Amino acid sequence: MPARIRPLSPHLLIYRWQIGNSLSILHRLTGIALALGLVALSFWLISLAGGAGSYRTAARVFASPIGIMLLIGWTFAFFYHLLNGMRHLFWDMGLGYERTQRHLSGWFAVLAALGLTLWVWLALWHFGRI
Amino acid sequence: MSLRSPLGRVLGAGSAGHGTGQWWAQRVSAVALIPLTLWFFCSLLALPAQDFRAVHTWLALPRNGFLAALLIAVLTYHSYLGTIEVVEDYVHGTAMKLSFLLLLRFTYVLIGGASLYAILRVAFGIQTS
């Protein structure tokens, strides 16, 4: 007798891609990115404690094109994780569960994070800091 | 009628075998990080980041050193809780999972400890060069 093909519970992949699950995945991804940012922050603090020479080296690494790109990425990750994390905190209090509220706060988190990142880096560029 | 024993109910442990402590710690550290990270972000923007002396003087101020130490402690803890959650979800097999969790724990203690030590060195004015 051939092995029966047993029914499976609905798999993750059959669900339509939508704002809710996308933002949830993005929250984890930005969290992991920020964990790597913590390593960079540690490197910055250690180089500062090491004196003027090591700090100059670290500052040069951060000011390099790859360094700037990483910093822009971490800026977005920080703002998004902060704003979406606040959504989670409100949900934990039992607030904001309605469909329209979820969608509105979700779009707000992602667009505000993009806007703030753009604003910060345009300001840094405008004042000649990069 | 509940099928759980009175002791099980008191301990609050679910099927995972441990309680909701980790969940709570993640939330509480998240709340603490809202003001701490915003303070640090704004300070970084205001600082002339390329100037060693300016940054060193800034961190050597008692208020800044204290807040930076708090930030590192809470940030390391929150980040640790978040990344072990990812490992617990996606890494399968006891040996693999345990190795990853141990590696993460050692790495976080190393990074957090080194950062705190660096802040203390600056705070107490120890200069190598």
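In what follows, every chain begins at residue 1, and chains take the letters A, B, ... in the order their sequences are listed. It should be emphasised that the depicted structure is a prediction, and the values quoted were computed from it without experimental measurement.
- For A/Leu48, the parts sitting under 4.5 Å from any heavy atom of chain B are the backbone and the side chain alike.
- In the displayed structure, A/Glu98 atom CD is contacted under 6.0 Å by at most 12 heavy atoms of other residues, nucleotides or ligands.
- Environment of CH2 in A/Trp91: crowded, with over 12 heavy atoms of neighbouring residues, nucleotides or ligands closer than 6.0 Å.
- In this structure, chain B has no heavy atom under 4.5 Å from any part of A/Leu34.
- Formation of a donor-acceptor pair under 3.5 Å by the A/His81 side chain with backbone atoms of A/His27 is found in this model.
- Taking CD1 of A/Ile72 as the reference point, atom CG of A/Leu124 lies at 9.0 Å (rounded to 0.5 Å).
- Residue A/Arg56: no heavy atom, backbone or side chain, is found under 4.5 Å from chain B.
- Per-residue heavy-atom pair counts under 4.5 Å with chain A were compared for B/Thr83, B/Val122, B/Val55, B/Asp51, and the maximum is reached by B/Val55.
- At a 4.5 Å heavy-atom cutoff, the contact between A/Leu89 and chain B is made by side-chain atoms alone.
- Although no hydrogens or angles enter the test, the distance criterion places a donor-acceptor pair under 3.5 Å between the side chain of B/Lys97 and the main chain of B/Glu88.
- Annotation: A/Tyr97, atom OH; neighbour count of heavy atoms from other residues, nucleotides and ligands within 6.0 Å is above 12.
- Of the atoms belonging to A/Phe78, it is side-chain heavy atoms, and not backbone ones, that fall under 4.5 Å from chain B.
- Heavy atoms of B/Tyr108 lying under 4.5 Å from chain A belong exclusively to its side chain.
- Annotation: maximal heavy-atom pairing with chain A below 4.5 Å, among B/Thr37, B/Ile119, B/Leu116, occurs at B/Thr37.
- With a threshold of 4.5 angstrom between heavy atoms, B/Leu59 approaches chain A through side-chain atoms but not through N, CA, C or O.
- For B/Arg27 and B/Trp23, the positive end sits near the middle of the six-membered ring, less than 6.0 Å away and at most 45° from its axis.
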